[in-house]
J.: 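Take this structure, written in structure tokens, and hold onto it; I'll ask about it next.
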Amino acid sequence: MFALADCNNFYASCERVFQPRLEGKPIVVLSNNDGCVIARSNEAKVLQVAMGAPYFKIQPYVQQEGIAVFSSNYALYGDLSHRVMQVLSGFAPRVELYSIDECFLDFTGLPQDLSGYGLQICKTVKQWTGIPISIGIAPTKTLAKLANRLAKKGYSANGPVVDWRNIADTDAVLAATALDDLWGISRRTAVKLQALGIDNALALRRADPKRMRQQLGVVMERIVYELQGQSCIPLEAMPPPRKQILTSRSFGEKLSSFNDLRAAVSHFAARSAEKLHRQHLATSVLCVFVATSPFDTRNPSYSNSATTVFNQPTQAAADLIQAAHQGLQRIYKPGFSYQRAGVILPDLQPMAWAQKSLFAERDTNELQDTLGQINRRYGKNTVRYASEMLSQRWHMRQQFKSPSYTTQWAELLAVRA
DNA sequence: TCTGGGGTCCTAGGACCC
DNA sequence: TCTGGGGTCCTAGGACCC
């Protein structure tokens, strides 16, 4: 048995935890750079604010309806996510942290009233973290996802928990479920299925798995079995190590000068090194890329990337920054308005396995450790690489960002009694 | 003026091995 | 007339997830 615990409108709920006056009010959260809508409270959904809507297009409507607007605050969301996951971990022998706001729990062999247990979990998470969650329970992950969807839509009168086995007429529920509301099926694939005469989840459950495999691949075959109640997608309590690390941003304004771009990619390289270090990984390859805006039709467009292979796998920021800089020199062309850049580490391996060079002159890991310690102790960005500080112009627009309530001492909430 | 930032997996085809 | 059988690795592109 699986349970899927999913935070309700997670980013919007995070903002609400520290601004309870927004309870019952419409909220939207914007992507980096305040570009487009990436999260909506239920009230904002009722007002028909579309997911992914560019903010500049809906701004008048947002003001007219008095919708509260927030820039993304990942320090806050990440920290609250961690707290929610901590609480959830106490309720099952094994859990899989599936995304920032979702967690699968292994419910195998637990006492029988799983719905009651689920309600207790929701209540505890809400009380201890302030975040409302919903839970779906089923014998497969795909069905647990679907049960969770039902729970969110208020299917159960008892509260935000649905146990698939307690549904009287699952055929009716499946018949009323659109294909692209299922986990793993997008719009595109739904259209392909419809061309084969399958137009809802019930029809898909009744399809022949072997035929589905032939026509749409092994992924679709698994979905059919999962809908039938046969589990094919196991719980992954131990996340496999990352295969790739990517750090990129769109800029707050278009950039043209080499030094502006250099500051940006230096920063991305340094952040990538931190990610490597945290996950005890090393990389043997770095790829740096730059691009103009895909939406800008008036100015000439350009995008390119450069790849550097290291003599030995590294996790040192100094190595990554140097490689990013050299790569940038190879692909930079003056005269373009760059909108975005990034650093990709596509070939990761555990640091402990990294093959050292016979001729290595230095071990940069000690330096990396020391820098990390200083920044943890005295605060983010206490020490930085100079090339990161050549320019600030690439920094994101974050006009509506709330304080980092839980991760910065200076931004702690003050409460008057 | 203005449109995110991460990830993973599968498949097909080509190159190469014995 | 008639030309094997079994693998791996890599890459690009497509698709999906949050």
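Letters A, B, ... are given to chains in the order of the sequence lines, protein chains preceding strands, and every chain is numbered from 1. Here the structure is a predicted model, which means the values were calculated and not measured.
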J.: Measure the distance from NE2 on H395(A) to C1' on dG4(B) and round it to the nearest whole Å.
T.: 17 Å
J.: Whole Å only: how far is the CD atom of Q339(A) from the P atom of dC2(B)?
T.: 9 Å
J.: Take the protein atom CZ of R340(A) and the nucleotide atom P of dG5(B), then report the distance between them rounded to whole Å.
T.: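 Whole-Å distance recorded here is 5 Å.
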J.: Please work out whether the ring planes of W394(A) and H267(A) are parallel, tilted or perpendicular, with thresholds of 30° and 60°.
T.: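 Aromatic pair W394(A)/H267(A) classed tilted.
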J.: Can you measure F10(A) atom CZ to dG5(B) atom P for me and round it to whole angstrom units?
T.: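 Whole-Å distance recorded here is 19 Å.
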J.: Report which part of the nucleic acid E102(A) touches: base, sugar-phosphate, or nothing (heavy-atom distance under 4.0 Å, all strands).
T.: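 Sugar-phosphate: the residue E102(A), judged by heavy atoms under 4.0 Å, touches backbone atoms but no base.
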J.: For nucleotides 7-13 of chain B, read 5' to 3', which letter fits each nucleotide if B means a protein heavy atom sits under 4.0 Å from the base, S means only the sugar-phosphate is that close, and - means neither?
T.: SSSSS--
J.: Rounded off to whole Å, could you give me the CG-to-C1' distance for the D180(A) and dA15(C) pair?
T.: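 Going from CG in D180(A) over to C1' in dA15(C) covers 14 Å.
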J.: Can you name the side chain to side chain contact (heavy atoms under 4.5 Å, CB included) partners of A324(A), sequence neighbours left out?
T.: V265(A), A269(A), L286(A), V343(A)
J.: Over how many whole Å does the gap from L182(A) atom CG to dA15(C) atom P extend?
T.: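 Going from L182(A) (CG) to dA15(C) (P), I get 18 Å.
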J.: For S337(A) and T292(A), test the side chains for any donor-to-acceptor distance below 3.5 angstrom and give the result as yes or no.
T.: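 No, no side-chain donor-acceptor pair sits under 3.5 Å.
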J.: What is the nucleic acid contact for I185(A), judged by heavy atoms within less than 4.0 Å: base, sugar-phosphate only, or nothing?
T.: sugar-phosphate
J.: 5'-most contact on DNA chain B: N32(A) or K254(A), nearest heavy atom basis?
T.: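 Its nearest nucleotide being more 5', the pick is K254(A).
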J.: Could you please name the option among dC18(C), dC17(C), dG4(B) that lies closest to any side-chain atom of S186(A)?
T.: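 From the listed options, dC17(C) comes nearest.
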J.: Compute whether any side-chain donor of one residue and acceptor of the other, for Y378(A) and Q373(A), lie under 3.5 angstrom apart.
T.: no
J.: Evaluate the ring planes of Y302(A) and Y338(A), with Trp represented by its six-membered ring, and classify them as parallel (under 30°), tilted (30 to 60°) or perpendicular (over 60°).
T.: perpendicular
J.: Checking all strands, does I223(A) fall into the base, sugar-phosphate, or nothing category for heavy-atom contacts under 4.0 angstrom?
T.: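 Since no nucleic acid heavy atom lies under 4.0 Å of I223(A), the category is nothing.
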J.: Is it the case that the side chains of S257(A) and N259(A) hold a donor-acceptor pair, with the cut-off being a distance below 3.5 Å and no angle test?
T.: no
J.: Taking any heavy-atom pair under 4.0 Å as a contact, classify Y98(A): base, sugar-phosphate, or nothing.
T.: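 Y98(A): backbone/sugar contact only, no base atoms under 4.0 Å.
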J.: Please determine whether a side-chain nitrogen or oxygen atom of R249(A) lies at a distance below 4.0 Å from atom OP1 or OP2 of dG6(B).
T.: yes
J.: Mind checking whether F91(A) and Y117(A) have parallel, tilted or perpendicular rings, split at 30° and 60°?
T.: perpendicular
J.: Given atom CG of N33(A) and atom P of dG6(B), what is their separation to the nearest angstrom?
T.: 12 Å
J.: What is the separation between atom CD on Q398(A) and atom P on dG4(B), rounded to the nearest whole Å?
T.: 14 Å
J.: Verify the distance criterion only: is there a donor paired with an acceptor across the side chains of R211(A) and Q215(A) at less than 3.5 Å?
T.: yes
J.: Taking only side-chain N and O atoms of S72(A), does any of them lie within less than 4.0 angstrom of OP1 or OP2 on dG4(B)?
T.: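 Indeed not, no polar side-chain atom of S72(A) lies that close.
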J.: Are W164(A) and F2(A) close enough that their ring centers fall under 6.0 Å?
T.: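 Between W164(A) and F2(A), the centre distance exceeds or equals 6.0 Å.
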J.: At under 4.0 Å between heavy atoms, what does D34(A) touch on the DNA or RNA strands: base, sugar-phosphate, or nothing?
T.: nothing
J.: Can you tell which of dC17(C), dT3(B), dG4(B) lies closest to the side chain of F56(A)?
T.: dT3(B)
J.: In this structure, which stretches of DNA chain B are paired as stems of three or more consecutive Watson-Crick or G-U pairs, both distances less than 3.5 Å?
T.: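 For DNA chain B the paired stretches long enough to count as stems (3 pairs minimum) are B:5-18 with C:5-18.
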J.: Is it true that, when you exclude N311(A) itself, more than 12 heavy atoms of the residues, nucleotides or ligands shown sit nearer than 6.0 Å to its CG?
T.: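 Counting other residues, nucleotides and ligands, CG of N311(A) stays at 12 neighbours or fewer.
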J.: Hey, which of these two, S248(A) or K57(A), hits DNA chain B nearer its 5' end, going by closest nucleotide?
T.: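 Per heavy-atom nearest nucleotide, the more 5' residue is K57(A).
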